[in-house]
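In what follows, a single structure is set out as structure tokens and then discussed.
Remember, predicted model here, so these are calculated numbers, not experimental data. What's counted below: heavy atoms across the whole structure, side chains too, no hydrogens, waters or symmetry copies.
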Amino acid sequence: MCKKISNTNFIIRKRTPLSYRGIIFDLDGTLVDTLDDLTGAMNAALAELKCPTRTDDECRQMIGHGLHKFAERALGAGRQHLTDELVTVMVAYYAEHCLEKTRPYDGLEEVIVKLGEQGVRLAVLTNKNQAPAETITRHYFGAETFDPIIGAADGRRPKPDPQTTMEILQQWGLTADEVLFVGDSEPDMQTAKNAGIRAVGCEWGFRSADILTDAGADVLIQTPGQILNL
């Protein structure tokens with residue numbers, strides 16, 4: 001069973017803590033709170049297509065599996081034929097508004113700086129489209145902090161497929177035992193499992209602790225500072 005950890009006591013499901021040399025982060029719900037901007041963009045697109053809009057809580061549960069799936073879920077039954085058009089409208093709107101309310105979670109900027117000072121390799125792997133993933137990550141954390149930054153793109157398999165994760169390990173020259181995967185959703189935990197990487201579920205994101213545990217989290221954390229303790 002996956003156990004929660006505090007800043008002083010660690011109980012993990014599998015192996016004892018190692019000296020990790022790389023961390024792969026999810027973006028939405030992990031590094032930055034994008035819910036308001038994503039909900040705003042989705043509702044603007046839905047309204048343009050004369051479809052019912054969605055609440056923040058509804059969108060929270062729809063996010064994490066890529067934009068196309070988000071659009072399908074937001075449209076609901078009977079409107080699936082509008083999915084491609086909705087995606088097109090939302091992408092255009094979101095490109096102009098993706099930084100309006102989005103913010104890093106409290107304490108994460110400091111944690112990222114400290115990890116960089118310790119020489120830990122950092123990457124972003126998200127099912128968000130490539131362009132906004134780069135825009136948001138570089139805006140809040142700097143142009144060279146995360147390398148690589150990988151989002152959704154034509155021909156690229158989304159999470160939980162482990163292919164891109166394995167490519168990051170190859171780029172870094174690290175093994176799965178030397179890397180953590182930090183995320184807030186089922187695809188994140190499943191991606192880590194599929195790649196043989198220790199899965200760290202962050203409870204401040206878009207999913208509950210129970211969902212993260214059921215998806216395969218090895219350990220749950222409640223604050224960004226606990227990443228340093230790992």
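For the atom pair CD1 of I150 and CD of E134, the computed distance is 10.0 Å after rounding to the nearest 0.5 Å. Annotation: the span from L86 atom CG to L75 atom CG amounts to 4.5 Å, rounded to 0.5 Å. Considering CZ of R79 and CG of L46, their distance stands at 9.0 Å, rounded to 0.5 Å. Atoms CZ and OG1, on R21 and T175 in that order, are 8.0 Å from each other to the nearest 0.5 Å. Once rounded to the nearest 0.5 Å, the distance linking CD of E203 with CD1 of I211 reads 11.5 Å. Here the CZ atom belonging to R157 is positioned 8.5 Å from the OG1 atom belonging to T164, to the nearest 0.5 angstrom.
Annotation: side chain of K159 is in contact with side chain of D26 (closest heavy-atom distance under 4.5 Å). Residues E167 and P162 have side chains not in contact (no heavy-atom distance under 4.5 Å, counting atoms from C-beta outward). With a 4.5 Å cut-off on side-chain heavy atoms, V124 and L31 count as touching. Counting only heavy atoms from C-beta outward, the side chains of L122 and F25 approach each other to under 4.5 Å. L108 is not listed as a side-chain neighbour of Y140, based on a closest heavy-atom distance of 4.5 Å or more. Using a 4.5 Å heavy-atom threshold, the side chains of R156 and Q130 count as touching. A heavy-atom distance below 4.5 Å is found between the side chains of F206 and T34. Put simply, the side chain of T135 reaches to within 4.5 Å of the side chain of C98, judged on heavy atoms.
Using a 4.0 Å cut-off between a side-chain N of Lys or Arg and a carboxylate O of Asp or Glu, K193 and D218 qualify as a salt bridge. A salt bridge between K69 and E72 is present, with a side-chain N of the basic residue lying under 4.0 Å from a carboxylate O of the acidic one. The pair K128-D28 counts as a salt bridge, with a side-chain nitrogen and a carboxylate oxygen less than 4.0 angstrom apart. Using a 4.0 Å cut-off between charged side-chain N and carboxylate O, R207 and D188 make no salt bridge.
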| said: Run the side-chain contact (heavy atoms from CB on, under 4.5 Å) test on V113 and E110 for me, step by step, so that the C-alpha distance in whole Å, both residues' side-chain angles and the decisive distance to 0.1 Å come before the verdict. | reply: CA-CA 5 Å; V113 169; E110 294 82 358; 5.7 Å; no
| request: Before giving the answer on side-chain contact (heavy atoms from CB on, under 4.5 Å), spell out for F70 and M42 the whole-Å C-alpha distance, their side-chain angles and the decisive distance to 0.1 Å. | output: CA-CA 9 Å; F70 184 18; M42 178 56 73; 3.7 Å; yes
| side-chain contact (heavy atoms from CB on, under 4.5 Å) between R54 and R73, intermediate numbers included | CA-CA 10 Å; R54 296 290 187 169; R73 292 172 173 176; over 6 Å; no
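For the pairing with V200, the side-chain contact (heavy atoms from CB on, under 4.5 Å) check across I24, L180, I23 returns one residue only, L180. No option in N127, T102, T137 other than T137 meets the side-chain contact (heavy atoms from CB on, under 4.5 Å) test with L27.
Using modelled atom types, one side-chain atom of D33 and one backbone atom of L35 make a donor-acceptor pair closer than 3.5 Å. Not one N or O on the side chain of Q61 forms a donor-acceptor pair closer than 3.5 Å with the backbone of E58. A donor-acceptor pair is defined here as one N or O able to donate and one able to accept, closer than 3.5 Å; no such pair exists between the side chain of N129 and the backbone of A131.
Summarising the local packing, CD of Q170 is surrounded by 12 or fewer heavy atoms from other residues, nucleotides or ligands at distances under 6.0 Å. Taking a 6.0 Å sphere around CG of D56, one finds it holds more than 12 heavy atoms contributed by other residues, nucleotides or ligands.
For the residue pair A199 and M189, the shortest heavy atom distance occurs at CB-SD, 3.9 Å. Taking each heavy atom of P160 and T191 in turn, the nearest pair found is CA-OG1, 3.0 Å. When every heavy atom of W172 is checked against every heavy atom of P148, the shortest pair comes out as NE1-CD, 4.1 Å. Between V111 and P224, the closest heavy-atom pair is CG2-O, 3.6 Å. When all heavy atoms are compared, the tightest approach of T30 to V182 is CG2-O, 3.6 Å. In plain terms, the two heavy atoms of A133 and T126 that are nearest each other are CB-CG2, 3.7 Å.
F146 and F141 have perpendicular rings, their planes meeting at more than 60° on a 0 to 90° scale where under 30° would count as parallel.
The cluster map of Ile, Leu, Val, Met, Phe, Trp and Tyr, joined by side-chain heavy atoms under 4.5 Å apart, puts Y105 and L115 in the same cluster.
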